[in-house]
Amino acid sequence: MDMYTSTLSPALDIGTGCYLLVVAVLSIVGNLLVLIMAFKRSSKMNPPELLSVNLAVTDLAAAVTMYPLAVASAWSHRWLGGDAACIYYGLVGFFFGVASIMNLTVLAIVRFIVSLNLQSPKEKISWKMVKMLCLWIWLYALIWALFPILGWGRYGLEPFGLSCSLAWGQMKHEGYSFVISVFSFNLVMPTVIIICCYFSIAFKIFIAYKNSVNINRIPNIVKLHRRMLVIAALISIGFIGCWAPYGLVSLWSIFHDSSTIPPEVSLLPCMFAKSSTVYNPMIYYIFSQSFKREIKQLLWPCSFCNPCHVSNSVNDNSIYMVSAHIKPKVAQRSISQDSKIVTLG
């Protein structure tokens, strides 16, 4: 038995491959639908919504470039491709993982900036700025993914032998500074920023609701933003929650003997982390009425869909209608102008 042979039972290998296949299909289909909806309504998009599109691209790319190889390896009961494929898989996984969490962090900051001045419906984030932020996200992730290739850290096989990642157990000494840096700058710091931003937005929404004067109109707008906040918070919680168990197991392998962790136990957090690419489209579908309606219209033509129109009600507006102090006329005009893709908001 060489190092690339699975340490799991054959039955568990097959089950792991089936699980990853389901995750891959759901991720590819779900994120493709998000991108199709974004393309169809690209002329009506707000600049910050490009970050949600960027997140869907990240999840889709991860599913396409990683999961087929992992499924084939699981069904072959050994890692396929040797060292070169292992480095590729680890680099791609780390790259898209960092890109995803930084995308969520930037999205939280942008939402917070938008919420700073609730009285103004004016655009606060320009297209140029959002495009630069997206470029920064990809460059930041690429730099971190290349560090192990350049000698700071290393990629290696997972203990169960069916996928590759950062070789946590092999970095106890020479890669200790890399591990601390990874957890500090790519998990702890982003998590703290995301939590602070969304708590601040939630507090503003609470104050806006409490101080609203026009009770017939403003609470509806606040309810819209409360739902947008729920969607964003669930997406962030889902991603961080998926990766937290994997992070804890990885830290354990740094400070303790990794051989004390059974392969079956190390498999679970890894598979849970891979499911992070599936949740976002599901959250959009459950909480966004416009996204759900447009998906149904895409899958079933208008002749079979009733009703077949796009609502312009306040419940389908974008995140810019947060203000509890917008005058009724301004609010009405903004509603008609800013009815955007809540699907990605």
Side-chain angles (χ1 to χ4, degrees), residues 46-56 58-59 96-120 122-126 129-130 132-141 143-144 179-212 221-248 250-251 273 276 279-280 283-284 287-288 318-325 342 344-345:
N46 285 320
E49 291 171 339
L50 183 60
L51 291 169
S52 296
V53 175
N54 196 48
L55 184 61
T58 303
D59 291 341
F96 287 121
V98 172
S100 293
I101 194 166
M102 295 314 299
N103 199 108
L104 291 172
T105 305
V106 171
L107 186 57
I109 295 172
V110 167
R111 289 181 184 279
F112 175 72
I113 293 173
V114 170
S115 71
L116 286 178
N117 188 359
L118 299 182
Q119 298 184 22
S120 174
K122 185 179 178 181
E123 299 279 0
K124 301 174 181 64
I125 305 294
S126 66
M129 181 180 295
V130 172
M132 290 181 63
L133 288 173
C134 290
L135 179 61
W136 176 85
I137 289 169
W138 290 107
L139 288 177
Y140 179 88
I143 291 172
W144 276 100
V179 173
I180 298 300
S181 298
V182 167
F183 277 91
S184 298
F185 292 104
N186 297 308
L187 184 59
V188 177
M189 184 182 70
T191 301
V192 171
I193 292 174
I194 290 171
I195 292 174
C196 291
C197 286
Y198 286 135
F199 264 107
S200 299
I201 297 172
F203 181 73
K204 279 185 170 292
I205 292 176
F206 172 75
I207 296 299
Y209 187 89
K210 190 175 181 180
N211 296 335
S212 61
I221 297 173
V222 175
K223 288 177 182 178
L224 164 67
H225 287 277
R226 184 174 61 185
R227 190 171 73 243
M228 295 299 97
L229 176 64
V230 168
I231 292 175
L234 284 176
I235 290 173
S236 300
I237 291 171
F239 183 87
I240 295 172
C242 284
W243 282 96
Y246 181 80
L248 292 175
S250 300
L251 278 178
S276 63
Y279 297 142
N280 295 353
I283 293 172
Y284 294 144
F287 288 94
S288 174
S318 77
I319 59 176
Y320 285 110
M321 297 303 300
V322 177
S323 176
H325 301 285
V342 95
L344 303 179

>> Using every non-hydrogen atom in the two residues, find where Ile201 and Phe112 come nearest and quote the distance to one decimal.
In response: CD1-N, 3.6 Å
> For the atom pair OG (Ser100) and CG (Leu55), what is the distance rounded to the nearest 0.5 Å?
Replying inline: 5.5 Å
>> Restricting to non-hydrogen atoms, name the atom on Ala273 and the atom on Tyr246 that form the minimum distance, rounded to 0.1 Å.
In response: CB-CB, 4.3 Å
> Which heavy-atom pair separates Tyr284 from Ser52 by the least distance, and what is that distance?
Replying inline: OH-CB, 3.9 Å
>> Testing the basics here: between Met102 and Ile137, what is the closest heavy-atom pair and its distance to 0.1 Å?
In response: O-CD1, 4.2 Å
> Trp144 vs Phe185 aromatic rings, parallel, tilted or perpendicular, using cut-offs 30° and 60°?
Replying inline: tilted
> Where do Leu104 and Ile240 land on the side chain to side chain contact (heavy atoms under 4.5 Å, CB included) test, with the steps shown first?
Replying inline: CA-CA 10 Å; Leu104 291 172; Ile240 295 172; 5.7 Å; no
> More than 12 non-hydrogen atoms from neighbouring residues, nucleotides or ligands closer than 6.0 Å to CE on Met132, yes or no?
Replying inline: no
> Between atom CD1 of Ile283 and atom CD1 of Ile231, what is the distance when rounded to the nearest 0.5 Å?
Replying inline: 8.5 Å
>> I'd like to know whether Tyr279 forms a side chain to side chain contact (heavy atoms under 4.5 Å, CB included) with Leu234, so could you lay out the CA-CA distance, the side-chain angles of the two residues, the decisive distance to 0.1 Å, and finally the verdict.
In response: CA-CA 9 Å; Tyr279 297 142; Leu234 284 176; over 6 Å; no
> How many angstroms lie between atom CD of Glu49 and atom CG of Leu107, to the nearest 0.5 angstrom?
Replying inline: 10.0 Å
>> Can a donor-acceptor pair be found, under 3.5 Å and without considering hydrogens, that links the side chain of Ser236 to the backbone of Ala232?
In response: yes
> So which heavy atom on Cys197 is nearest to which on Ala108, and how close?
Replying inline: CB-O, 3.6 Å
> Which atoms form the tightest heavy-atom contact between Phe183 and Ser250, and what is the distance?
Replying inline: CZ-CB, 4.2 Å
>> Working note: Trp138 + Thr58, criterion side chain to side chain contact (heavy atoms under 4.5 Å, CB included); need CA distance, chi angles, decisive distance, verdict.
In response: CA-CA 9 Å; Trp138 290 107; Thr58 303; 3.5 Å; yes
> Atom CZ of Phe239 and atom OG1 of Thr191: how far apart are they, to the nearest 0.5 Å?
Replying inline: 9.0 Å
> Mind checking whether Trp243 and Asn186 have side chains closer than 4.5 Å, heavy atoms only?
Replying inline: no
> From Ile101 CD1 over to Met189 CE, what is the distance, rounded to the nearest 0.5 angstrom?
Replying inline: 9.5 Å
